[in-house]
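Naming: A, B, ... by sequence-line order, numbering from 1 per chain. This one's a predicted model, so the numbers in the text were calculated from it and none came from an experiment. Values below: all heavy atoms of this structure, side chains included; hydrogens, waters and symmetry mates excluded.
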Amino acid sequence: MGSYLIKRILVSLVTVFLVTVFVFLIIRILPGDPALVMLGEGASPQKVAELRAELNLDKPLVQQYIIWIRDLLNGDFGVSVTYYHKQVADMIPSKVAATLSLTVPALLIAIIIGVFAGTVSAVKRGSATDQIVTVLSTSGIGIPAFWIAIFMIFIFAVKLKWLPIQGYTSPSADFQMYVKKAIMPVFCIALNFMATITRQTRSQMLEVINQDYIRTARANGLSEGRVITRHAIKNAAIPLVTVISLMFRMLVGGTIVIESVFNIPGIGAFALNSLMSRDYICVQAVTLIMALVTIFGNLFADIVFSILDPRIRERWAK
Amino acid sequence: MKKTLLCIVSMLLVVAMLISCAPKAAENPSTEQKPAAASNQNAPAAKTETKTEQSQPNAGTPKEGGVLKIAQLANVNDYSWYGGLALRDNCSLSFCMESLLEYDQQTGEIKPYLVDWYKMDETNMTLTMKAKEGIYFHDGSEFNAEVIKWCIEYYRDNSKYGTQYLGNVAEVNCLDKYTVEFKLSSQNIALLFNLTNRAGMMYSKQAFDTYGVDYTYNHPVGTGPFVFKEWIEDEKIVYEKNPNYWNGPVYLDGVEVHIYNESLVAQAAFEAKEIDVIYGENFELAPASDLKAAGYHWQPYAKSEQLYVVGFNCQDEDDPFHDIRVRQAVCYAIDSETINEQCNYGFATLTNQWALPGSPYYNPEVKGFEYNPEKAKELLKEAGYENGFDTQITFKYNDNLLELGTIIQGYLAKIGINVKLNRLESAAFVNKINDWDYGMILHTATYEPAVTTKFKGMYAKTVLESTALALGKGCFLHPDDLDAAVEGAVHSFTSADEQKHIREAQVLLQDKYVLWYPIFSLSDICFVQDYVKDWTYLDTGLFGEGSAHVWLDK
């Protein structure tokens, strides 16, 4: 297990390095002089030159990269030049916290409901319950989150006036208002997760239910409930864990549309606003963070997978 | 059978959902108000639906209390005192910051606001003004000549627009506690207008000295009717009433500017009366037209007009547009009237120059180009392009410009010009503003009321030499007579003289050299609930009295 972990971590670190190079280069190879773009029409050549020097754009690429990595390792993501005029590192925690306060509950709800619905659907295959779950889960994948969001705002906020139209309150500031404002965005985020997990669970459960060991368990007199919960779900969970782990990257970075519609000051809205205002420092930082979350999400998935299935770590150990 | 039944039930559910989403007529549509005569100076002469400026009705006795909630459809980009110029930023700042002078949107007159008077001395090249006594910043420090001097010098020396807007202010001297004199290195009529805007905005020197420059990025400390309380980035900006406001009573308890990203959501919030005012450059025309159809009160916001124009690459001798007849042919081939009717829901104004009908910069003698595709074909034939040619039109990628570019492509195809749509992402487009390779550019340019400044940035040779980025620097013709007209306007000492030179420049731009084809002019739209009274931004500009006496009749 130890050697497997070490190998996976080393591979992840190499991936992190490659991602930093990619993020660094992509901003610089995009068309346009960032300083000119930031200052806009009417800027004097002197101001453009000053900004280029401030952003180290006048130095060789390798030197720029080294400066950037050195600053990153010291926790300095740079200063937002055109937009917020603040240290990016100071802004990101609150943005990430706002996003996670919605995506984590959404994922938990999606896992609980998705696994339950998928299991019931598989166990009652062909029944009306199975049909309903299948239609709903297909709709959940197919219908765009933007549409669901606007629809919910129209029904629950405008017509019924049960919920506020948009906005965000931190759970630590006012938990009751946080819950009221979070219901719609959490549901919209959870819907796609839920639909995917339902379908994946159903698919895996159908495969597992027909295995010999399940038939043996039934033959040994175990109740159907015990067969499903003690034997079937565990074995179906292995690929499901992979699917859920891959959803981790959506916790930070998959909510741009929802944050935009509901005006939530999360990392997705931060990324969008930075892009629209051409604040390259912020764009760089956010892209890197999202990439790191994806890499470590995959690492986590691999580790959990190896715990659940010893064959995986044996293969890696070899 | 069961499956069929289930499918039918599902479809019926979906149809029911769609029906329930159908828009409903407004329950209490307010009557559309006729424009007040004094405030309708810019009413268009075009045949299309009039873009009316609806002034507030006689409002009655103001009531105290309430918080004005505004939905701004564009995020605040640069909140620093000496920063950018975007309307979205200025709108937010205007509740707490004020400028030395005020621009009268109706007459074009520049009036004293934070000063008692100002005087331009042509002989000695000075501008003198006297600060009003008894005005204090929100931190309690006094507004006086020393503060004016510091603000102007700081803006001139540190703002990225300092050279452009205050570059001719060589020296600022305090003559006494309240009187200040600007010594000018050259005359620039736009200086007065610039002092009605960010360049003339007064920030507390005491706050700057106490907290430093970083504080100014997100803590405006001005003299305005509202005091800045907090800015939650990407969410809202909150202001509280200034109980010691120098210019009369403030009726509201506060103002909240909420940032909305989606027009539909803002529309829903407005109809649910969660929001009292909507404005912003990203407020789409389709939901705006829904609100207009439902009878809500609307007006163009703060006269920040965006002119949708097609520009031509005239400099390159290998480009067909080097020939004026080809440029004229394109102008004859585009039916701007029909485009305006079909695309703008009656919110835009037709114009054939860089000014609105009724504006002091508008020249009725500009002939422009009536839609006439046959004439267009004749001109192409004369120029040797009887069979047409291939070209491209470059524009920043957004839905409005894409739609417009596609329409123009269709019109020009009818006269044999094959246009490739060259859509560019924002950053890439900014780098093409100087020189867009070949063909045409489709652009939206803010111009009213700062026409002189706009023309100076594009056509004055002395400015072009010192600017890194200027629209059409490498593509337009820069003839001497146009340069002379623009320089004449810039160096005028009176508004009348300035406006005369600009009107002269309009004829040169549009009729003599045909550097542009203006399609229509569109301002940001503002919707205001009926119970919001004395909302006078339209009359007095952003940094004047606009928000001071707003009150809520509910």
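Environment of NZ in A/K124: sparse, with no more than 12 heavy atoms of neighbouring residues, nucleotides or ligands closer than 6.0 Å.
Looking at A/E259, only its backbone comes within 4.5 Å of chain B, counting heavy atoms on both sides. With a 4.5 angstrom heavy-atom cutoff, B/T453 does not touch chain A via any of its atoms. For a residue to count as touching a neighbouring chain, one of its non-hydrogen atoms must lie under 4.5 Å from one of that chain's; by this rule B/E235 touches chain A with backbone and side chain alike. Using a 4.5 Å cut-off between heavy atoms, A/F146 touches chain B through its side chain atoms alone.
Ranked by heavy-atom pairs shorter than 4.5 Å toward chain A, the options B/I232, B/V265, B/L264 are led by B/V265. Interface summary for chain B: among A/V158, A/L272, A/V261, A/I150, the most heavy-atom pairs under 4.5 angstrom belong to A/V261.
Tested against B/H443 for a ring-ring contact (aromatic ring centres under 6.0 Å, His included), the candidates B/F429, B/F476, B/W436 yield a single pass: B/F429.
Residues passing the side-chain contact (heavy atoms from CB on, under 4.5 Å) test with A/S121, sequence neighbours excluded: A/D130, A/V133, A/T134, A/R202.
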Just do the side chain to side chain contact (heavy atoms under 4.5 Å, CB included) check on A/F77 and A/I281 with the steps written out, would you? CA-CA 8 Å; A/F77 284 82; A/I281 307 294; 5.9 Å; no
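By the 4.0 Å N-to-carboxylate-O rule, B/D437 lies close enough to B/K432 to be salt-bridged with it.
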